[in-house]
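Here the structure is laid out as structure tokens; the discussion comes afterwards.
Each chain gets a letter, A, B and so on, in the order the sequences are listed, and its residues count up from 1.
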Number of protein chains: 2
Amino acid sequence: MTKHIRPLRLGALPEGMRRALRGAREKRGWTQRELASRVGLTQTHISGIESGKIVPRYDTLLELVRILDHDLLMVPRALVPVVQSLIRDHMQPDHKDDGEERALYADDADNEESSEEPRDEV
Amino acid sequence: MTKHIRPLRLGALPEGMRRALRGAREKRGWTQRELASRVGLTQTHISGIESGKIVPRYDTLLELVRILDHDLLMVPRALVPVVQSLIRDHMQPDHKDDGEERALYADDADNEESSEEPRDEV
DNA sequence: AAATTAAATATGACAAAGCATATCAGACCA
DNA sequence: TGGTCTGATATGCTTTGTCATATTTAATTT
């Protein structure tokens, strides 16, 4: 069996986030090249990120996220569900504006914290 | 005139986030080495990140943030202030638990989008 | 319908930076 | 003085990120 001694972190962005990025780009009618030039990256780079071939640096992802009118926030775990529902609310059918965006945020789904030991108390 | 043709992203993590990371680590009484072994990184790496010498990849930062009982969320810009105050609330003196944590989240403060045209109208 | 043209995305090779291993300098204590 | 524990530094390997090119897809013309 391919028993990875070391999980090597993710290997790619969470799929949910990749879809969110691509969705937000397409929603604006921007091509990869258009987005790339706006944010100061290259089209190749965008392609690699969206297709999951590379995990961008934090600052790179931040640029991308911001150009797409979002932000990356460091949220205490206890607040994550609240924020999530806030986000879900925000793109409810009411707001026709954002109606097209799918569930967008970095969900935990792709990370296996199964082997994680529930760390000590705060 | 030092007219940067290309801003080269950040160059380091926002100082606020670096302080938050280091603060959260120290709050737990962990050394860089201890944190490193817990999260599967190296002490060298942690040092470089906290001191601002390197900008970690997204997945690396995510591991760090999660071990410190936080998460990285992709939030629509319109909701950022709300979430921020939520976070501020959460670590208000009321909660003696988190009383020690400083302002922790990725604030925009350290990014100079001054040269960037703020045209983000959808 | 086939061919041609153009645009959007994906693929390859090189340079830059993250990340790992080993080591070092300082602080603290026995 | 030695020993241990802390964070920082030096050297290589791996991956990101850039430049140039190929492949796919769609629209237009004949």
Side-chain angles (χ1 to χ4, degrees), chain A residues 2 4-15 17-68 72 74 100 106 110-111, chain B residues 4-15 17-68 72 106 110-111 116:
Chain A
T2 342
H4 302 79
I5 303 302
R6 195 172 31 122
L8 250 286
R9 253 132 296 164
L10 283 87
L13 282 188
E15 190 171 331
M17 181 174 270
R18 300 212 318 266
R19 305 254 302 249
L21 287 173
R22 173 167 294 195
R25 173 176 64 81
E26 291 176 343
K27 188 186 104 178
R28 268 145 247 245
W30 294 348
T31 71
Q32 290 183 345
R33 194 175 305 269
E34 169 96 18
L35 172 59
S37 75
R38 274 178 193 264
V39 77
L41 302 179
T42 63
Q43 177 270 324
T44 304
H45 206 173
I46 309 282
S47 169
I49 292 173
E50 286 188 354
S51 61
K53 287 208 175 63
I54 64 178
V55 178
R57 273 190 274 144
Y58 168 77
D59 53 356
T60 303
L61 181 60
L62 187 61
E63 293 286 332
L64 261 180
V65 157
R66 289 199 167 155
I67 263 299
L68 295 173
L72 276 182
M74 180 171 165
E100 201 34 78
D110 301 68
N111 276 49
Chain B
H4 302 81
I5 304 302
R6 194 173 32 125
L8 250 291
R9 256 131 296 168
L10 283 86
L13 282 188
E15 191 171 330
M17 181 173 272
R18 300 212 316 267
R19 306 253 303 249
L21 286 173
R22 173 166 293 195
R25 173 177 64 82
E26 292 175 342
K27 190 187 101 180
R28 267 147 247 242
W30 295 347
T31 70
Q32 289 183 344
R33 231 172 280 265
E34 169 97 16
L35 173 59
S37 75
R38 275 179 192 264
V39 76
L41 302 180
T42 64
Q43 178 270 323
T44 304
H45 206 171
I46 308 283
S47 169
I49 292 173
E50 286 188 355
S51 61
K53 287 204 173 65
I54 64 180
V55 178
R57 272 190 275 145
Y58 168 77
D59 53 356
T60 303
L61 181 61
L62 188 61
E63 294 285 332
L64 259 180
V65 158
R66 289 197 168 158
I67 238 359
L68 294 171
L72 280 181
D110 302 70
N111 278 49
E116 295 275 324

Considering only dT9(C), dA10(D), dG12(C), which nucleotide approaches the side chain of Thr44(B) most closely?
dA10(D)
Got a donor-acceptor contact below 3.5 angstrom from the Ser47(B) side chain to the Gln43(B) backbone?
no
Does dG7(D) have OP1 or OP2 under 4.0 Å away from a side-chain N or O of Ser47(B)?
no
Within less than 4.0 Å of OP1 or OP2 of dT9(C), is there a side-chain N or O belonging to Arg25(A)?
yes
Minimal heavy-atom distance between Val65(B) and Leu72(B), with the atoms involved, is CG1-N, 4.1 Å
Are Arg57(A) and dA17(C) close enough that a side-chain N or O sits under 4.0 Å from OP1 or OP2?
no
Any side-chain N or O of Thr60(B) below 4.0 angstrom from OP1/OP2 of dC19(C)?
yes
Using only side-chain N and O atoms of Lys53(B), determine if any of them is under 4.0 Å from OP1 or OP2 of dG18(C).
no
Do any N or O atoms from the side chain of Arg28(B) and from the backbone of Leu68(B) form a donor-acceptor pair under 3.5 angstrom?
yes
Check whether any side-chain nitrogen or oxygen of Gln32(A) sits under 4.0 Å from OP1 or OP2 of dA10(C), and answer yes or no.
yes
Output the distance between atom CD1 (Ile54(A)) and atom CG (Leu13(A)), rounded to the nearest 0.5 Å.
8.5 Å
For Glu50(B), answer base if it contacts any base atom (sugar-phosphate contacts may also be present), sugar-phosphate if it contacts only those atoms, and nothing otherwise; contact means non-hydrogen atoms under 4.0 Å.
nothing
